[in-house]
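Chain identifiers are assigned alphabetically (A, B, ...) following the order of the sequence lines, protein sequences preceding nucleic acid strands; residue numbering begins at 1 within each chain.
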Amino acid sequence: MRGIVTRFAPSPTGYLHIGGARTALFNWLFARRHGGTFILRIEDTDQERSTPESVVAILEGMTWLGMTWDEGPYYQTERRELYREEAKRLLAEGKAYRCVCTPEELDRRREAARAKGEKPRYDRRCRDLPPSGAEGKPFVVRFKAPLSGTTIVRDLLRGDIAYENEELDDLVLLRSDGSPTYNFVVVVDDATMGITHVLRGDDHLNNTPKQVLLYEALGTLLPRFGHFPLIHGMEGGKLSKRQDDVSVMAYRDRGFLPEAMVNYLVRLGWGHGDQEIFSVEELTRIFSLESVGKSPSRFDPEKLLHLNAHYIKTGNPERLAALLVPFLGKRGFDVEPSPWLVKAVRTFQERSRTLEEMAESSEFYFLCKDPDPKAAEKFFTPEMAPVFEEIAREFADLPDFTPAAMEPVLHRVAEKTGSKLGKVAQPMRVALTGGTVSPGIFEVMDVLGRDEVIRRLSRASRRIRGA
RNA sequence: GUCCCCAUCGUCUAGUCCGGCCAAGGACACCGCCCUUUCACGGCGGCGACGCCGGUUCAAAUCCGGCUGGGGACGCCA
């Protein structure tokens, strides 16, 4: 007995998206919370659309978010014999039948049913066909679902949901090429893998009664089910790749931290009083299905940004520096993590919402940018040239080039010209960073270092003097 | 169309199970003010919701029914 066993079973037809990631997260947290087992299973029964690249992308996304699986990844393509055996058994037991209707015919009938305002589903015309009737023709294997009665789905989040069996359909178990379909493999796999809790999106709720019937036909124990609401895009409705940013890895590439992503995702549909910030470690202790909401939630990039800013602000600067390196590289700065870089990072932790923003705004640390034209016009006035020169001279004579030592210099110079610190600080900022927005001027100088500061001040004064 | 699910600020949510503690709390966003060498951070304040109608009850965001609205599913996709 392994206690609780959950699984995440994505189909490898694209990258790991926001919705899938949250499904995985809930399953993972639930297993961790109860000391259970979390299984990763790749549902690659759709030969047409499954790709090995997608598998890699999904594993990469899981790993980035820190979700470790205890078993798998299992691949359904490697378990085909099992499904075939089970289908054969159902056929032999009269719980399934061969259907020779062609996809085209089915399409036509579905359309006709829809036109008449009926529920489009299989009319079961092959259900009682003698085995000889399928002779020589391609066939699919269908499940012989009961025609009457009621099937109850016991859902952990929603309670009991009753379905009239006459509403249900005769599912295709095996396609005409012999490959199994989703609704079949999911039941066979969940049963044979001993999954105790099937936690998945709401979009599977209506499949569940059919699956329950299948479990019964197979003679296996039923897992517990829990269907949580879908995540909607900002426009409402299912997240769409078209109008919503849904790839998890795209967020990494834009400078989001995995802990921010996890924190955001878990709060979409789950709450714990008024608390907003959760570490992964804490989540694995307190996550509970009872606190998962029943109504759908919208994906709000603004709030994710806010959380990311929080984790950057409070994050370990050494780690952030290392994570920042590739973003700097993208902008053409070939830097290595170093104590100096860490110091630079510290000056931006409180003013960056993403690593990408940090890389962008910290560019001036790596090259002496030309001043922004408007800023230069406003702050590089003729009287600033001698001020810059004097400050440079005094800096050169300072025994230690520390913020504590620099500060009196600026105050003295400011007083001499009868102005406040701001009058000097802002032009200095333009001279040193090229713009009017930056970390505190003393912090900036501390990172830049004495030589570079003097160099940039001289450059600015030369510029003012028109040299 | 049929079936299923859902319904508290613009958004994420607390409260709903066990009606009174809720003239509904927190967070994001937005708007002010304060702090301040810029920008941020931070602090303070503001804006802002129980979808509607009925019922039960001394009392309903909380229980019941209907309506409306939103979403999902109806594949040889998963």
[X], nearest nucleotide to its side chain (from [options]):
{"X": "A:Asn206", "options": "B:A29, B:G72, B:C12", "result": "B:G72"}
{"X": "A:Gln426", "options": "B:G1, B:U37, B:U13", "result": "B:U37"}
{"X": "A:Arg121", "options": "B:C74, B:G26, B:A78", "result": "B:C74"}
{"X": "A:Arg351", "options": "B:C12, B:C74, B:U38", "result": "B:U38"}
{"X": "A:Asp274", "options": "B:A73, B:U2, B:G25", "result": "B:G25"}
{"X": "A:Asp203", "options": "B:C4, B:G72, B:C74", "result": "B:G72"}
{"X": "A:Ile161", "options": "B:C76, B:C4, B:A78", "result": "B:C4"}
{"X": "A:Val172", "options": "B:C28, B:G1, B:C76", "result": "B:C76"}
{"X": "A:Tyr182", "options": "B:A73, B:A78, B:G71", "result": "B:A78"}
{"X": "A:Pro296", "options": "B:C6, B:A78, B:C76", "result": "B:C6"}

Separation of [N] [atom2] from [X] [atom1] (nearest whole Å):
{"X": "A:Arg200", "N": "B:C5", "atom1": "CZ", "atom2": "C1'", "result": "15 Å"}
{"X": "A:Trp270", "N": "B:A14", "atom1": "CH2", "atom2": "P", "result": "10 Å"}
{"X": "A:Asp170", "N": "B:C76", "atom1": "CG", "atom2": "C1'", "result": "14 Å"}
{"X": "A:Leu304", "N": "B:C12", "atom1": "CG", "atom2": "P", "result": "14 Å"}
{"X": "A:Leu307", "N": "B:C28", "atom1": "CG", "atom2": "P", "result": "9 Å"}

Just call it for [X]: base, sugar-phosphate, or nothing, with non-hydrogen atoms closer than 4.0 Å on any strand.
{"X": "A:Pro229", "result": "nothing"}
{"X": "A:Tyr264", "result": "nothing"}
{"X": "A:His227", "result": "nothing"}
{"X": "A:Arg429", "result": "base"}
{"X": "A:Ser295", "result": "sugar-phosphate"}
{"X": "A:Asn207", "result": "base"}
{"X": "A:Pro209", "result": "nothing"}
{"X": "A:Ile441", "result": "base"}
{"X": "A:Gly440", "result": "base"}
{"X": "A:Arg267", "result": "base"}
{"X": "A:Lys313", "result": "sugar-phosphate"}
{"X": "A:Gly269", "result": "sugar-phosphate"}

Requested in this report: For A:Ser54 and A:Gly14, indicate whether the former's side chain and the latter's backbone hold a donor-acceptor pair under 3.5 Å.
Outcome: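 It does hold such a pair.
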
Report task. Without swapping roles, check the side chain of A:Glu357 against the backbone of A:Ser352 for a donor-acceptor pair under 3.5 Å. Result ->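 Pair absent, no side-chain N/O of A:Glu357 close to backbone of A:Ser352.
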
Does [X] have a side-chain nitrogen or oxygen under 4.0 Å from the phosphate oxygens OP1 or OP2 of [N]?
{"X": "A:Thr45", "N": "B:A78", "value": "yes"}
{"X": "A:Lys238", "N": "B:A73", "value": "yes"}
{"X": "A:Arg142", "N": "B:C76", "value": "yes"}
{"X": "A:Arg110", "N": "B:C76", "value": "yes"}
{"X": "A:Ser297", "N": "B:U13", "value": "yes"}
{"X": "A:Lys116", "N": "B:U2", "value": "no"}

Complementary nucleotide for [N] - Watson-Crick or wobble, under 3.5 Å:
{"N": "B:C30", "value": "B:G46"}
{"N": "B:C63", "value": "B:G55"}
{"N": "B:C9", "value": "none"}
{"N": "B:U2", "value": "B:A73"}

When rounded to the nearest Å, what value does the distance between [atom1] atoms of [N] and [M] take?
{"N": "B:G45", "M": "B:U8", "atom1": "C1'", "answer": "24 Å"}
{"N": "B:C50", "M": "B:C63", "atom1": "C1'", "answer": "15 Å"}
{"N": "B:G55", "M": "B:C12", "atom1": "P", "answer": "32 Å"}
{"N": "B:U56", "M": "B:G65", "atom1": "C1'", "answer": "11 Å"}
{"N": "B:U62", "M": "B:C18", "atom1": "P", "answer": "14 Å"}
{"N": "B:A27", "M": "B:G43", "atom1": "P", "answer": "9 Å"}
{"N": "B:G69", "M": "B:A61", "atom1": "P", "answer": "24 Å"}
{"N": "B:A60", "M": "B:C17", "atom1": "P", "answer": "14 Å"}

Measure distances between side-chain N and O atoms of [X] and base N and O atoms of [N], and say whether any donor-acceptor pair falls under 3.5 Å.
{"X": "A:Lys303", "N": "B:A27", "result": "yes"}
{"X": "A:Asp300", "N": "B:A29", "result": "no"}
{"X": "A:Glu276", "N": "B:G26", "result": "yes"}

Query raised in the report: Is it true that A:Lys95 and A:Glu86 have a side-chain N and a carboxylate O under 4.0 angstrom from each other?
Result: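 A:Glu86 and A:Lys95: not salt-bridged.
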
**Report entry** Electrostatic pair A:Asp160-A:Arg154, nearest N-O below 4.0 angstrom
**Finding:**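 The answer is yes: the pair qualifies as a salt bridge.
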
Requested in this report: May I ask you to decide if the ring planes of A:Tyr182 and A:His204 are parallel, tilted or perpendicular, using 30° and 60° as cut-offs?
Outcome: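 Answer is tilted, since the angle falls between 30° and 60°.
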
Requested in this report: Indicate, with yes or no, if the rings of A:His197 and A:Phe26 have centres closer together than 6.0 Å.
Outcome: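 Not close enough - the centres of the two rings lie 6.0 Å or further apart.
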
**Report entry** Aromatic centroids of A:Trp69 and A:Tyr74 separated by under 6.0 Å
**Finding:**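 So the answer is no for these two rings.
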
Any [X] side-chain heavy atom under 4.5 Å of [Y] side chain:
{"X": "A:Gln76", "Y": "A:Asp189", "value": "yes"}
{"X": "A:Leu410", "Y": "A:Phe395", "value": "yes"}
{"X": "A:Leu59", "Y": "A:Leu40", "value": "yes"}

Query raised in the report: Considering heavy-atom distances to RNA chain B, does A:Glu43 or A:Leu205 have its closest nucleotide positioned more toward the 5' end?
Result: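 Its nearest nucleotide lies further toward 5', so the answer is A:Leu205.
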
Query raised in the report: Where each residue is assigned the nucleotide of RNA chain B containing its nearest heavy atom, which of A:Asp169 and A:Asn183 is assigned the position nearer the 5′ end?
Result: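 It is A:Asp169, whose closest nucleotide lies nearer the 5' terminus.
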
